[in-house]
Structure formats: C-alpha cells, structure tokens
Amino acid sequence: MLGDTQWAWLQAEFNTPSEVKIIGSGIQVLPPLADEGRVSKSSYCAYDGAGGTFDAAIAEMAEVGKRGSEYEQWAEIPQERTKLLRMAQKSINDGHTRAVIFVSGDQHWGELSRKEIPASSTHGAAATVYELTASGLDANWFSSTIQFYNDNRATDVPTCDTQNNGHMANTCVFPFIYEGVTYNECTMEDLNVPWCYHQVDAQGVGVSGQWGVCGSFVNNAPSNYGEIAFDWANSQVALRVITPDMTPRVSGELVVSLAPPGAPTPPPTPPPSPAPVVAPTYNEAPDCGTGAAYRGTHATTISGKTCQQWTAQTPHSHSRTPANYPSGGLGDHNYCRNPDGEPQAWCYTTDPNSRWEYCDVCTFGAVDESPDCGTGAQYRGSLSTTVDGYTCMPWTDQSPHSHSRTPANYPNAGLGDHNYCRNPDGENQAWCYTTDPNKRWDWCDCCEFCTPTEDLYRGTVSTTASGKTCQEWTQQSPHSHKRTPANYPNGGLGDHNYCRNPDGEPEGSWCYTTDSGTRWEYCNVC
C-alpha cells in the first residue's frame, strides 16, 4: 500500500507529539474485509494462501468472521492495514497522541467507524482508533442491491429519522421487538436500509409507524460531508456526518474523549454569561416562567440577532442538540428555546462574534398551563384553512398541486380523503396544500384547536386529578416503569414530574404517583 519512504515518513509523524493525529486516506481504513461468501479471498492480490500472512493479519486484528464492504479499502491488503493500525496503537500508548482519527472518502456514503486494536507485547495495551468517512459526490446509493456491511461501524450513534424523511431528529430505542424478534441494533429486516424504532410500548414492541432510518451512517443523501469539532474545554472531539441538502443537518455523531486514562469526565460547559449590554428587561409575570416550555416561533434575540439553527454547528459548534436534549423543544429550526435550565429562553446566533443571547419570548407567546400544539404532528382536528386564509386541498387530490404527501406514502400521519391541516413530514408546524393554483402550500395555526388528548401538553402541572404528587419520569421508585425520556424521546419527559402523555393514553396527560399504593392517575391540565 505504501512504499518504504512513505512508511518511514508516517512513522516519524506518529512519533511526533500532538494532541490528536488526523490521517487522510483516499479509501476506508477501519472496515473489515468483505466476508468470503460475497468476495473470495483468492481474488485479492495480497492473498498468499490459507494460513499465510494474509489470514494471520486478519486474525491478529481479531476480525475473523467479521464483515465489511466489498469495495476498495485497506482491508484488501490486511498485512499493510495491520502495520498501520499497530503504528497508531503504539503512538497512543507511548503518549505521543491522545487519539488517532482517520478521514476517508470514495464510498459514495458517509459513516462513522471505531476499531479496538488488540493488546500486543510490542505495541502495548489495546487502543481504540476512529474513522470519519464522507463523500461529496453527487451520487445516490439508495438501492436494495447494496448491503452496507461494516462490523466496525460505530453503532452507539442511535439516531434515526421519521419514516425515511431524512430528518435525523429521533433517538433509536434498544432493544425493540419487531415481528417477535428482539433487536439490539439497527436492522435491515424488510427494508433495504438499516432502521430502528424510536418508540416502543411497555413490552418493548415497536409502536406502529414510530420507526426511522438509522443515522449512524448516511445512505440516502446524494452527497454528504464530514466535520471534526474540537471541544478543548471538555477534552473531547466530535466526529459528524452532515447531509447538506436543503438545510444542513447532522446525520451521525461520535464523541471521542481526549482525557488521559483515569481522568474524570468534565461536565458540559454551559454557555457563558452574556455581556451586560445584552441583558434583557425580563418580564417576571407568572405566565412567562423560564421559557422552558416555550414552543413558539420567535427566532431573534433581544438585540435583534438572528438565531442559529439548533441542528447546525456553524458559526458556533455546541452540544445543545436535539439528541442531547430530547425534551427541550429543539429541532431542525432556529426558534428560541431553553433546553438547559437558563433563566429564560435563548439561542446561538448567526453572528460569528456573538455566540449566544437571551430572547424575549414573553412578548411573542406566553407559556401557560393549557395544552400546546408543538409541531402539530399529532393534530387530528378539522381545521382546513391556512394562516393566510387559503382553503386546504384534500390530501387525496393531485390538483391544482401534484404531490407525494398521500395517505399511502404517510399511512400514520392522519391524512385521508379530507382537507384538514396536518404535518405528515416533520415540518415545524401543521400545513396543507391549497386550492389556489398560485399558492402551493401554507402553514396552519391549529394550536387553538388542540386538546389534552393530543399528547402535546408541556406545562408544569405535577399533581393528579385526585391531588397526588407525580413521580419524576427519571425515577424508578416507588414505581418502576419504561416511560423514560430515552424510550419516549418526543414525549416531553425529562428530569421533572410534570404531567405528560408520552404513550397516547385516551384521556390525556397522566403521571406515576409518589404514593406507593397508587401506580398512576390522570391529570387535569386544562
């Protein structure tokens, strides 16, 4: 793979102290060799027969029986790959670097890989290296004939979209049960792409319609790119695959610790205190609270700066993402929110010189104890006019506007032979196509039509209808349960005891109680 001069140069680089070593390769480094059932080892030029150095190198990396891509990669010359990985391992163990990260392309898709190199008397303790693969080529490899095998893929990136809509805004729930089989990772069963459930019932069975294509690697974007974001304050670096179509969004993330072995993990660094010049005159009226439950669309700070989208990492990289704060109302938008307990709502700004500022959301939609609509994804009312007064077109019609948002394509979205406002595809709020040939679609304001049974209450009532105090959703005492923030990431759950309806109970919001004799009760939130 490399000549003697190149190997000598690379060894010198590995011996040079640095915080992180980033090594570029035109082809992938970490995926294992394709299994022999798909590609015969005898077809590789480096193969030297059964029991030779080819097989020995694979065994040395503990990859006998593992599966990888059949496309061009370092694994096709395992002797050279093993030499490269052992160099990286020794560099880490000798204290020359904290982490080794490979960056590669040539696959027409993006993915994140991680490989633990086995311990060696020559190269030291086992060490883990990482790889970020991305491709800017305008090619779509979304095909049932392609199997995206890589047993070294970083499978702890449990993100997924909603029914293959491309918005990686949900968290996979593992294990989940599908057709009687339990899965502890994304599966390709019945689909040509890896998928998972992001919501399960009390028995762990995937809830119908609550599935998405896994985001641990990208296979349905015509192009993608990689990002390496350093967070020196917290001794970590984030590897990300980003799909740029329409609005850039992170489709997979792997956080690598740069802390020395045995060092405590530092807590996330909170946003810095704002300069006095931007300190707001804050309305302390009870209906404003801290803005933690605000779900409006205000997107400018108190000084007039435009908010940065929560799914974007530029101009400011950050950890306040929908995946890290699933109950914070974050998403593929730039609306003011308060996901982390600040005194009031705030946002990162699009100004490179102003990282973040507070927002005055009280003027733009006070938070109260009545149910709100959120994105309107669960709205099933009969509103059929838009905010601008246009009449909605029935979802089963293709005139005056042809479209793909049909009941057949979105079977769980409340569409049908009607023209009621809906949100089948993960937009910021409910919408519809209009009957005006000159106006393809428009937003709807369905909030005033919502009811508590629509699962979207985000207020702070924390007692049941009979007066019992609610148990916190993150607690398992006095009542153990599976209605956790991890299992119901879109249910408004969190480290609180506010009434919620994460699982679609027919009578609306409820909670487990702190009374050991009463497991749960409904709440009166209206």
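Positions are given from 1 along the sequence.
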Who passes side-chain contact (heavy atoms from CB on, under 4.5 Å) against Q11, sequence neighbours left out?
F14, N15, M87

Compare all side-chain heavy atoms of I228 with those of L132 and state whether any distance is below 4.5 angstrom.
yes

Check the orientation of W195 and Y197. Use parallel for under 30°, tilted for 30 to 60°, and perpendicular for over 60°.
perpendicular

Given side chains that start at C-beta, do those of E111 and Q28 come closer than 4.5 Å, heavy atoms only?
yes

Name the orientation class of the two ring planes belonging to W510 and Y512 (parallel below 30°, tilted from 30 to 60°, perpendicular beyond 60°).
perpendicular

Looking at D201 and K482, does any basic side-chain N land under 4.0 Å from a carboxylate oxygen?
no

Would you call the rings of W310 and W346 parallel, tilted or perpendicular, taking 30° and 60° as the class edges?
perpendicular

Walk me through it: do C511 and W473 pass the test side-chain contact (heavy atoms from CB on, under 4.5 Å)?
CA-CA 8 Å; C511 69; W473 297 98; 4.1 Å; yes

Which pairs count as salt bridge (Lys or Arg N to Asp or Glu O under 4.0 Å) when at least one residue sits in residues 10-20, sequence neighbours excluded?
E19-R98

Do S317 and D231 have side-chain atoms, one donor and one acceptor, less than 3.5 Å apart?
no

For the Cys pair C347 and C336, is the SG-SG distance shorter than 2.5 Å?
no

Does some side-chain heavy atom of R86 sit less than 4.5 Å from a side-chain heavy atom of S120?
yes

Do side-chain atoms of E131 reach the backbone of R114 as a donor and acceptor pair under 3.5 angstrom?
no

